Amino acid sequence: MQIAREIHDQCGPLFGTSRIKAHRLSHGVSLSDIVAQVRALYELDGKAPPRLGETLLSAYESGYKRPGPEYLHYLCAVYRVEPDDLGYQSPCICGRGHAVRPAVAAADGRPAPAAAPGPDGEADALVGAVVPRPDDRQWITVNDPRGPDRADGPAPIDVGEEDIVLRRTLLQLLAGTGVTLDGQFLGAVDGIRRKMDDTLVNATVSSTMLDQWEETTLAYGRQYQATPSLRMLCDVLLDFSEVRRMCDRRQPVELQERLCRIAAQLAGLSGLIMINLGDHRLARSFFRTARTAADETGDRALRAWVTVRESLVPMYYGDPREALQLARKAQDLAGRAPSVAGAMAPAVEARALGMLALRGRGDAAPSARRALVRGRAVFDQLPKDNTGDLVFGFTERQLTFYEGDTLTSLGDHRHGDEVLSRALTLYSPSDHVDLTLVRLDRAACKLQAGHPDAALQEAQNAITELPGEHRSDILVHRARQLGAAVRDKHGEMQQLHEFYEALAAPSVKSPAAGGAPSAVPPAEQV
């Protein structure tokens with residue numbers, strides 16, 4: 001009840017969220033779930049199935065229609081609230097209260113019954129509740145006055161603690177309050193992923209609903225860099241949790257495949273967001289879940305996409321040799337047909353080889369240049385709908401960024417800076433992550449040209465000019481790596497100390513650690 005009020009108070013003025021919709025959102029259930037519970041209550045009462053469907057319920061939530069007395073009665077029974085709580089100023093036709101009343105202990109110390117039977121022998125409040133009580137794992141208690149044979153109903157809607165934690169975090173973000181990534185939040189994130197792992201190996205959903213989820217997933221790809229990472233993670237995982245619930249029972253083959261595809265895409269996107277937030281352990285876990293879901297589809301192109309996206313974890317937080325191995329594996333999976341992974345994997349391979357060349361591997365430089373040529377050749381064959389977004393596609397601006405990054409690592413700072421300058425003109429101002437990484441690469445070019453002061457200033461500006469909510473760990477981590485490179489080449493400098501102080505400003509938090517980084521990073525962080 002309290003969560004529903006908070007959702008209505010916070011989202012009502014911004015998005016027009018009605019009270020009845022706020023109650024459904026507070027429980028983390030879909031329209032179809034509520035319709036199913038209302039139908040079950042009709043069946044329990046011996047009535048013909050109602051005509052209530054998702055479209056009509058959506059019209060109630062949007063304010064276009066108002067439920068009649070009978071439908072209002074059953075909606076109140078499902079949500080365990082009074083009509084006023086759903087936004088309707090009228091008494092219920094049953095003449096009894098639906099809200100859950102706190103139990104009062106009897107005189108002998110035994111707990112009182114949860115609800116007293118009404119005049120017709122039915123329990124007042126606890127029939128068909130959306131969320132079962134802790135000791136009530138069915139829709140109706142085994143002590144229901146209608147007998148144990150009536151207690152066998154559909155399994156309760158699985159709204160876990162993870163969903164509650166994510167919704168609470170999302171409300172805090174909408175309210176503009178500060179959010180720290182603590183163990184409870186990260187535990188909820190991993191809990192949702194683990195549940196998806198469980199249901200994938202055990203999984204009815206309409207084609208229309210799948211169409212909506214596919215559109216939503218593609219929309220996330222377009223919004224990926226324009227939306228703060230933590231906000232995006234909450235939105236993605238709430239849909240991911242809903243998809244998991246739909247996977248809980250096996251679907252017809254054609255629907256199951258589409259559902260697993262959506263699961264793989266959402267898990268892969270969650271892995272990318274965890275890279276941005278600096279938690280490479282959870283990122284790897286999400287990509288593992290994405291591989292499991294992709295394997296269910298039998299789509300090699302999807303498996304290749306998951307693999308090449310996973311290669312970014314060691315690219316930024318691990319060993320470039322592992323990134324190289326994953327990139328080549330993605331190329332094998334992609335095959336010869338032009339695909340997103342087929343174009344991106346050679347570019348990632350080139351970046352990994354460039355990093356190895358920077359560490360002294362002599363044969364890496366020519367291999368990196370050949371990989372760039374292969375990536376550009378495949379990219380030129382991609383259909384236009386594969387070059388549109390930064391997540392599920394591979395764009396011209398990304399390829400240009402990868403080319404400039406590779407050339408910079410190979411020591412060709414003049415040509416690298418020219419390519420990176422072109423990349424800056426291709427990115428939108430809202431593509432915060434890649435745009436900042438490009439600027440940090442240009443700072444590395446200045447360092448290679450022998451201008452450490454200019455390099456530090458360029459890197460510092462790239463970070464401090466970002467809005468606070470977009471200063472994710474991957475960007476601060478990359479800036480620290482540049483500072484370490486300056487120290488290795490030029491020793492301690494006054495500007496270097498100022499640079500680290502700017503990175504340690506209160507607005508720059510390390511999400512994985514839940515606090516501000518130290519002014520001078522330890523060796524393992526760089």
Side-chain angles (χ1 to χ4, degrees), residues 1 3-5 7-8 17-101 113-133 136-159 204 206 209 245:
M1 178 78 76
I3 294 177
R5 290 198 191 99
I7 292 175
H8 178 262
T17 303
S18 62
R19 293 185 183 276
I20 185 172
K21 184 174 183 178
H23 276 276
R24 180 174 62 80
L25 295 177
S26 70
H27 293 297
V29 295
S30 65
L31 293 167
S32 60
D33 295 322
I34 300 301
V35 170
Q37 292 213 25
V38 170
R39 289 177 177 272
L41 290 180
Y42 265 77
E43 183 180 349
L44 288 172
D45 288 341
K47 296 182 177 181
R51 294 186 177 181
L52 178 68
E54 295 176 38
T55 302
L56 185 56
L57 184 54
S58 177
Y60 294 160
E61 293 186 352
S62 303
Y64 295 124
K65 291 188 178 183
R66 175 189 174 94
E70 185 171 288
Y71 283 173
L72 181 58
H73 162 73
Y74 281 100
L75 288 171
C76 288
V78 167
Y79 287 119
R80 293 180 178 173
V81 295
E82 307 303 334
D84 288 352
D85 298 316
L86 298 180
Y88 304 110
Q89 307 298 320
S90 60
C92 186
I93 58 171
C94 68
R96 305 191 306 275
H98 293 279
V100 177
R101 297 187 293 273
D120 56 358
E122 295 182 351
D124 276 350
L126 299 181
V127 177
V130 175
V131 180
R133 294 171 295 154
D136 178 12
R137 302 312 297 174
Q138 298 295 329
W139 286 20
I140 303 179
T141 67
V142 295
N143 294 322
D144 190 287
R146 288 169 288 186
D149 58 318
R150 302 300 296 277
D152 296 328
I157 297 172
D158 179 12
V159 181
T204 240
S206 68
M209 184 176 294
R245 283 192 283 271

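What's counted below: heavy atoms across the whole structure, side chains too, no hydrogens, waters or symmetry copies. These numbers come from a predicted model, not from an experiment. Quick note: residue numbers are just sequence positions, from 1.
Crowding of K65 atom NZ: a count of heavy atoms from other residues, nucleotides or ligands under 6.0 Å not exceeding 12.
When all heavy atoms of Y71 and L56 are compared, the pair lying nearest together is CE1-CD2, 3.9 Å. When all heavy atoms of S58 and L31 are compared, the closest pair comes out as CB-CD1, 4.0 Å. Here the closest non-hydrogen pair linking A22 and T17 is N-CG2, 4.1 Å. Looking at every heavy atom in both residues, I20 comes nearest to Y60 through CG2-O, 4.0 Å. Nearest heavy-atom pair, L41 versus A77, reported as atom, atom and distance to 0.1 Å: CD1-CB, 4.0 Å.
The SG atom of C92 sits 10.0 Å away from the CD atom of E70 when rounded to the nearest 0.5 Å. One finds the CZ atom of R24 at 12.5 Å from the CG atom of L86 (value rounded to the nearest 0.5 Å). Between atom CD1 of residue I34 and atom CG of residue L57 there is a gap of 7.0 Å, rounded to the nearest 0.5 Å. Note: S32 OG to E54 CD = 5.0 Å, rounded to the nearest 0.5 Å.
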H98/Y79 under side-chain contact (heavy atoms from CB on, under 4.5 Å): CA gap, chis, key distance, verdict: CA-CA 8 Å; H98 293 279; Y79 287 119; over 6 Å; no
Residues R5, H8; criterion side-chain contact (heavy atoms from CB on, under 4.5 Å); working and verdict: CA-CA 5 Å; R5 290 198 191 99; H8 178 262; 5.8 Å; no
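Between the side chain of S18 and the backbone N or O of E61, at least one donor-acceptor pair lies under 3.5 Å. No side-chain donor-acceptor contact under 3.5 Å links R19 to the backbone of D84. Panel note: side chain H23, backbone D85; a donor-acceptor pair is recorded below 3.5 Å. Under the 3.5 Å distance criterion, the side-chain polar atoms of E82 are left unmatched by any main-chain donor or acceptor of C76.
Looking only at side-chain heavy atoms (C-beta outward), V35 and R39 come within less than 4.5 Å of each other.
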